[in-house]
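See below for the structure under consideration.
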Amino acid sequence: MEYDFLKIERKWQEYWSKNKTFKVETDKSRPKYYVLDMFPYPSGAGLHVGHPLGYIASDIYSRYMRLRGYNVLHPMGYDAFGLPAEQYAIQTGQHPQKTTENNIRRYREQLDRIGFSFDWSREVRTCDPSYYKWTQWAFLKMFGHYYDNNSGKAEPVEKLVSIFEKEGNANVNAACSSERIFDASEWNSATEAEKSDILMNYRIAYLGETSVNWCAKLGTVLANDEVKEGISVRGGFPVIQKKMKQWQLRVSAYADRLLNGLDDLQWSDSLKEMQRNWIGKSTGTEVVFKTFNPDPVNFNAGDKGYDMIIFTTRADTIFGVTFMVLAPESEWVSKLTSKGQKDAVDSYIKQCAKKTERERMAETRTVTGVFSGSYSINPFTGKKIPVWISEYVLSGYGTGAIMAVPAHDSRDYAFARKFDLPIIPVIEGCDVSRESFDAKDGIMCNSGFLNGKTVKEAIPAALDAVEKMHIGKKKTNFRIRDAIFSRQRYWGEPFPIYYKDGIATPLPESELPLMLPDVDKFLPTEDGEPPLARAKNWTYKGYPLETSTMPGFAGSSAYYLRYMDPHNDRELVSREADEYWRNVDLYVGGTEHATGHLIYSRFWNKFLYDLGYVAEPEPFRKLVNQGMIQGRSNFVYRIIGTNKFVSYNLKDKYETTPIHVNINIVDNDKLDTEAFRKLSPEYADAEFILEDGEYVCGYAVEKMSKSMFNVVNPDNICDTYGADTLRLYEMFLGPVEQSKPWDTKGIDGVSRFLRKFWKLFFDDKGVFLVSEEKPSAGELKTLHKLIGKVEEDIEAFSYNTSVSAFMIAVNELSDMKCNKRAVLEKVVVLLSPFAPHLCEELWHLLGNERSVSFAPFPCYDASLTVEDEVEYPVSFNGKTRFKINLPRSMSQEDVRKEVIEYKDTVRYLNGRQIRKIIVVPGRIVNVVC
RNA sequence: GCUCGAGUGGUGGAAUUGGUAGACACGCAGGACUUAAAAUCCUGUGGUCAGAAAUGGCUGUACGGGUUCGAUUCCCGUCUCGAGCACCA
């Protein structure tokens with residue numbers, strides 16, 4: 001019987017779906033395992049072969065864990081809100097709901113063909129009201145809580161209010177956007193609007209004025225991780241900084257916990273490092289610099305001076321501070337601008353404000369700035385130093401003001417050189433005539449009481465001095481900013497917020513979900529209001545509702561919790577389900593979410609953990625980043641001005657332009673010239689200059705995309721080779737974590753392997769025939785080598801080598817003409833995570849009733865794989881070395897014993913005394929004489 | 001500029017924790033079967049030198065050093081590529 005993969009695959013896909021084979025329930029009698037893929041955004045282009053890579057890897061692991069007896073939760077859903085559907089809607093007028101549904105249908109068809117073991121009964125879609133109800137619910141909880149630094153967790157705002165009523169905020173230690181201190185009477189006499197404003201400074205979800213990334217082309221603000229190099233990640237449009245009032249999430253309050261939580265996670269080092277950098281913890285010192293404005297624009301505290309606070313990690317260099325710098329957006333600018341400098345400062349500020357983020361970045365090397373007219377006093381030297389304003393100082397980090405040490409900071413150095421400010425080195429022996437000395441290394445000099453100390457000693461000593469003088473304290477700063485949470489777009493979750501007399505007020509929970517309304521157009525209104533302003537009656541009890549919607553990461557932040565209990569309409573997840581499934585044991589997805597989704601999700605989870613809704617402080621225990629699969633494009637070379645095409649190795653003799661050619665008409669880099677002529681009328685009479693009778697194409701590795709004609713559709717692979725071959729081949733291509741180009745060339749190898757395996761079960765006439773005989777020692781050795789290898793490789797996520805192990809085993813079994821049930825049945829189980837359809841078919845042909853998915857994983861017996869002991873002497877350098885190959889299964893302890901025994905009984909080898917015995921943990925022993 | 005990761009045949013990639021480098025597969029070459037092709041099967045395949053041949057020698061994991069009886073693996077330096085961050089004081 002031939003291996004008819006199309007028939008087999010269809011048959012078992014229907015079987016799994018009909019029998020709900022992969023539906024799971026909480027089952028306290030069995031251990032759980034939760035395997036999650038990053039759910040896809042259903043784009044219009046459908047899946048290409050790169051998309052399923054991670055899904056296949058996680059599916060293999062799910063199926064493996066099922067064989068091991070775990071109750072495996074392996075769900076799938078769609079991240080369905082987002083910009084592309086909305087952009088398409090603006091162009092075509094088609095409702096994003098509709099295009100999204102169409103795309104989802106297409107995705108589902110494609111996914112189904114690959115034979116995943118998803119529990120589709122748990123599917124979620126972020127755009128579904130029954131789903132986004134819980135996104136809105138979490139937002140309301142964040143609105144209703146603040147972060148208490150003393151208890152180290154989120155607490156209800158009501159608690160804060162009762163403290164304010166009794167004693168004001170002087171003793172409150174909470175994450176807060178304002179430093180203003182007030183007492184109880186001030187609070188009690190405040191108006192509702194004033195109270196609301198004060199509380200906004202504390203809420204975890206809050207409305208706040210901030211400098212945001214504004215993308216005019218998309219008509220919306222964007223979070224920091226949605227902007228790269230000053231350009232929007234989606235669409236690639238320019239982004240500028242703009243002050244706007246926006247909803248934000250106080251992620252910064254969780255910075256320390258987000259950082260510390262990383263230690264216990266089984267994530268790749270590079271990913272953890274990325275998150276650490278993004279969180280950007282730095283410990284330093286806050287120092288007060290007395291600052292005077294000799295001629296203030298407005299008469300105020302000018303003559304008494306201001307206490308200007310700066311943040312530094314190099315308190316040791318205070319003796320080298322020769323000037324101060326303010327960010328252009330700093331609130332100090334207006335206070336410290338003197339009359340004489342007012343015009344210059346104003347024009348500089350204006351110039352800075354106009355620049356886009358991209359322009360500011362492009363000009364990182366050009367130094368700009370202006371003198372404010374004011375002076376500070378260096379607290380250590382007592383010297384008067386000028387205060388400057390420059391855009392190289394960021395308003396959002398630290399206090400928006402710095403002390404400049406040009407001798408030991410390259411940015412300060414460049415500034416000092418440009419504006420001719422003094423440069424005083426404070427570390428012995430460094431040459432600052434050409435560049436600054438930035439290293440934290442050396443002995444202090446020119447530094448009074450710090451002289452003679454090393455930099456490492458001087459930093460705490462300087463901090464000590466500053467504290468004794470009462471002009472500073474130890475301080476930790478974070479780079480991570482609060483997440484900007486509103487988008488001026490249509491296709492997202494509406495905020496459950498209305499404005500009662502201008503005060504942002506939460507909707508009662510009973511009103512959730514607040515449904516996304518219909519609008520006539522998906523564009524902003526004439527007056528620049530977001531599209532939701534077009535909706536009729538977008539009000540609650542007569543008050544206007546918020547018109548922004550939530551960003552993409554809102555819906556993806558807690559979806560892993562929803563899968564645990566997807567149909568619960570009373571809770572996000574029931575306590576029972578949460579306590580059983582807890583968190584994701586294995587999460588597979590791309591590295592592009594390192595500083596977005598993976599931070600927000602951890603934050604969201606920690607918040608819900610504080611409130612007692614979830615049992616685990618971290619959502620994803622182990623994380624594997626699958627690499628990207630790139631396309632392999634082919635080129636033909638057209639001789640300029642002709643319709644002649646020259647083969648790759650001859651192209652240098654002509655003036656040519658490379659043209660992308662559809663990879664479907666190229667085989668092994670050889671062009672099908674007839675098919676090429678038929679491609680378009682333009683090429684109908686194309687001529688070819690061949691080499692060895694063939695047209696050889698050039699190639700390049702590029703992103704897989706329609707415009708490069710290099711897209712490989714998994715459906716086509718399933719048609720010609722079958723889903724099992726596709727799965728195996730994607731794994732065989734290389735380590736899952738690695739990016740690599742797709743090349744269909746090698747697929748014949750795995751295809752051959754599967755057919756070879758299939759043949760083991762049939763006799764010469766093609767009749768299914770397995771023998772009930774006892775397997776030979778050789779057959780058992782092959783089998784158990786395979787079991788050991790496969791088990792080890794799956795655990796290590798090294799699927800490419802396990803596919804190789806299968807090929808070796810099947811070659812060996814084939815050579816031995818092994819058709820014994822006792823061996824083949826176990827191989828079927830082992831292979832079933834990789835090639836589920838084929839194995840399900842064989843499993844049933846072997847007479848089993850239940851799906852192979854629940855067969856027990858074969859037991860590994862190392863003693864059956866023992867190699868014969870070999871012992872051979874090797875001589876070198878006049879010494880003699882004996883290498884003893886001991887069985888692989890032998891424990892290190894046994895090896896040691898064996899060797900000691902050897903040394904005691906055999907003191908001499910080849911007439912030489914044994915000098916040294918080197919035991920390499922494992923099995924190889926060197927005896928040096 | 002800073003941080004992290006990688007560099008192995010014509011190609012994708014193996015190689016336990018330092019222990020026979022190149023498993024497995026593709027490609028290529030030769031052969032068998034066939035009228036022929038496809039499919040299938042067999043043999044060879046890092047480089048180089050010697051040999052009629054079996055075989056053997058040398059060399060070889062980006063480059064230069066080091067540690068070690070022994071290095072693709074560990075350490076130092078250089079180069080190249082990839083990813084991330086980018087005036088974070």
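We name chains A, B, ... by the order of the sequence lines, and we start the count at 1 in each one.
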P spacing across the pair rC85(B) / rU16(B), given as an integer number of angstrom:
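Going atom to atom, P in each nucleotide, I get 34 Å.
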
Whole angstroms only, please: what is the CD1-P distance between I318(A) and rA89(B)?
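Whole-Å distance recorded here is 15 Å.
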
N/O-N/O pairs, protein side and nucleotides 7-12 of chain B side, under 3.5 Å:
residue : atom : partner : partner atom : Å
rG12(B) : O2'  : L733(A) : O            : 2.6

With sequence neighbours excluded, what pairs up with [X] under the side-chain hydrogen bond (donor to acceptor under 3.5 Å, both in side chains) test?
X	value
S436(A)	D438(A)
D815(A)	none
D763(A)	none

Which of the following nucleotides, rA15(B), rC4(B), rA25(B), is nearest to the side chain of M807(A)?
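The listed nucleotide nearest to M807(A)'s side chain is rA25(B).
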
Under 4.0 Å, counting only non-hydrogen atoms across every strand here, what does [X] touch: a base, just sugar-phosphate, or nothing?
X	result
R481(A)	base
N811(A)	sugar-phosphate
R276(A)	nothing

Secondary-structure stems, RNA chain B, at least 3 Watson-Crick or G-U base pairs under 3.5 Å
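Result, WC/G-U stems under 3.5 Å: B:1-7 with B:79-85, B:10-12 with B:24-26, B:27-32 with B:40-45, B:46-50 with B:55-59, B:62-66 with B:74-78.
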
Quick one: is rC26(B) close enough that its OP1 or OP2 comes under 4.0 Å of any side-chain N or O from R752(A)?
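Yes, within the criterion.
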
By the salt bridge (Lys or Arg N to Asp or Glu O under 4.0 Å) test, which pairs, at least two apart or in different chains, include something from residues 313-325 of chain A?
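Residue pairs passing salt bridge (Lys or Arg N to Asp or Glu O under 4.0 Å), neighbours aside: R314(A)-D316(A).
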
